[in-house]
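Structure record follows, encoded as structure tokens.
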Amino acid sequence: MASLLLAVIYVAFISLGLPDGLLGAAWPTMGPDLGAPLSWQGGISAVISLGTITSALLSDRLTLKLGAGKVTAISVGMTAAALFGFSVAPNYWVLILMAIPYGLGAGGVDAALNNYVAIHYESRHMSWLHCMWGIGASVGPYIMGFALSNGQGWPSGYRYVSVIQVVLTALILLTLPLWKSRNQAENATAQGAGESAGKSTEQASQETKPLGLRGVVAIKGAKEILIMFLCYCAIESTAGLWASSYMVIHGGMDRASAATWASLFYTGITVGRALSGFMTMKFNDPTMIRIGLAVLFVGIAVMVLPVPGNGAIMAGLVLIGLGCAPIYPCVIHSTPAYFGADKSQAIIGVQMASAYVGSLAAPPIFGVIAEYVTIDSFPVYMLAFLLLMVFMHEQLRHKRPVEM
């Protein structure tokens, strides 16, 4: 039963990634069709990120009340409905409206599953689960590219993914008893441990009470790990959202091809996380994070090589994806070791919100830069966040020098 539950969680991570690359892949076509300027893509991204921040901050309360399984099912269902709304949107403002449930659903499933996996599973599973997210994020642009290349239009791309999300929602609903059984077993174990230590249920509950935003920020090293998350998602969301437009405007690639080739970034993340799962058996989380940061730097450097055509851009996107691969899952998985299992759930919830702040702010800011300055600054923009992330990681290691 435990193995079947893990398989369901893997499928849920695929559903989490499917919609993430759609907007960036479709926007070079969507924008002109809806009469929206280039920078307005960032507005949709901002609303989605606001929704994810809200649901991430509420995730602890919702998960305690409903359970991780129900939160996941509801969240995926909300995302499916929002994607269908995208597919029938007659104008930009309906897209903005549909972005609200889109973001709420994405943030709910993300925070619930990451909290659950960080506490109950090994680092390799965290990497492989996020590899499943990468598979979803890679498949999304391919679906959109298929729809565009076959003359079906971007609404069909969104509709295809919406149908897949509906099927995944049904699968999670059918397997809810597995989540309930696992929770009952864990509660029984926790109660037994509490009784053996002479502690009441009320005392155990008090010890695991969420710290809240202020309590988390006050912990030594928390600010550094939160800024790391912000920087990471700033890079990931900017790369995923603007790679296609960068190849069209800077590289001169046609729109349909750019929508497909933009998935190379997510392909790099997917392959990288599959490899990272094996590498975590030899290297600890901080080492994996440093390896990822180094590869990320190389990828950005490759993008600016003076090579004719789009070869350097595409190679750079793959390397950037490979560099991103171990960072997100290893930062999450290292949180209990840095801050203690009693604080990890609250901190991970705020980490998710911090990550979404990066997704909220970075792409719209770059959209303004792209429209009013130059889209050529795409690699430099990502480099600035990378350097800040490197500094914050070393500060975290200095303030909380724990062995893992």
Side-chain angles (χ1 to χ4, degrees), residues 19-28 30-31 34 36-54 56-57 92-93 95-96 99-100 102-103 106-107 110 137 223-251 258 262 265-266 269 293 296-297 299-301 303-304 313 316-317 320-321 323-324 327-328 350-392:
D20 285 3
L22 290 179
L23 182 60
W27 191 251
M30 286 177 68
L34 298 174
L38 178 66
S39 61
W40 284 22
Q41 178 185 196
I44 300 172
S45 174
V47 174
I48 292 172
S49 295
L50 281 173
T52 54
I53 291 168
T54 301
L57 291 174
Y92 177 82
W93 303 109
L95 292 177
I96 290 290
I100 297 173
Y102 187 133
D110 197 358
K223 296 184 185 69
E224 284 75 12
I225 204 167
L226 295 179
I227 294 173
M228 282 180 64
F229 254 56
L230 186 152
C231 291
Y232 172 83
C233 271
I235 294 173
E236 182 184 280
S237 61
T238 301
L241 199 61
W242 289 102
S244 182
S245 296
Y246 182 72
M247 285 189 285
V248 170
I249 299 172
H250 174 82
F265 167 67
Y266 293 108
I269 291 181
L293 293 170
L296 188 51
F297 176 80
I300 294 174
M303 283 193 75
V304 298
I313 297 175
L317 284 173
I320 290 171
C324 285
I327 298 173
Y328 193 99
V350 181
Q351 283 175 349
M352 294 295 102
S354 179
Y356 295 133
V357 169
S359 298
L360 167 66
I365 291 173
F366 182 73
V368 174
I369 295 172
E371 183 163 352
Y372 295 103
V373 184
T374 175
I375 200 169
D376 295 346
S377 61
F378 181 57
V380 178
Y381 187 75
M382 291 188 291
L383 178 62
F385 285 107
L386 171 61
L387 295 177
L388 179 57
M389 184 163 42
V390 170
F391 178 74
M392 287 296 115

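Legend: residues meeting side-chain contact (heavy atoms from CB on, under 4.5 Å) with Thr238, ordered by chain and number and at least two apart, are Trp242, Ala362, Pro363, Phe366, Phe378, Tyr381. With sequence neighbours excluded, no residue forms a ring pair (Phe, Tyr, Trp, His ring centres under 6.0 Å) with Phe297. Listed by chain and residue number, Tyr246, Ile300, Met303, Val304 satisfy the side-chain contact (heavy atoms from CB on, under 4.5 Å) test with Pro379 (two or more places apart in sequence, or in another chain). Residues passing the side-chain contact (heavy atoms from CB on, under 4.5 Å) test with Cys233 are Tyr328, Ala355, Ser359, sequence neighbours excluded. Under the side-chain hydrogen bond (donor to acceptor under 3.5 Å, both in side chains) criterion, Tyr102 pairs with no residue at all, not counting sequence neighbours. Applying the side-chain contact (heavy atoms from CB on, under 4.5 Å) criterion to Ile227, with sequence neighbours excluded, gives Cys231, Leu388, Met392.
Considering CG of Leu95 and CH2 of Trp27, their distance stands at 6.5 Å, rounded to 0.5 Å. Distance CD1/Ile48 to CD1/Ile96: 8.5 Å, rounded to 0.5 Å. In this structure, Phe265 CZ and Ile235 CD1 are separated by 9.0 Å, a value rounded to the nearest 0.5 Å. Atom CG of Leu241 and atom CG of Leu22 lie 11.5 Å apart (nearest 0.5 Å). For the atom pair Gln351 CD and Ile225 CD1, the distance stands at 4.5 Å (nearest 0.5 Å).
Residues Met30 and Leu23 are in side-chain contact: their nearest non-hydrogen atoms beyond the backbone lie under 4.5 Å apart.
Contact detail for Ser354 and Leu226: the closest heavy-atom pair is OG-O, 2.6 Å. Shown here for Ala99 and Ile44, the closest heavy-atom pair between the two residues is CB-O, 4.1 Å. Here the closest non-hydrogen pair linking Ser237 and Ala234 is OG-O, 3.4 Å.
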Check: Run the side chain to side chain contact (heavy atoms under 4.5 Å, CB included) check on Met352 and Phe229 step by step: do they pass?
Finding: CA-CA 8 Å; Met352 294 295 102; Phe229 254 56; 3.3 Å; yes
Next item on the list: In sequence, state the C-alpha distance, the side-chain angles, and the governing distance for Ile327 and Glu236, and then conclude on side chain to side chain contact (heavy atoms under 4.5 Å, CB included).
Entry: CA-CA 11 Å; Ile327 298 173; Glu236 182 184 280; over 6 Å; no
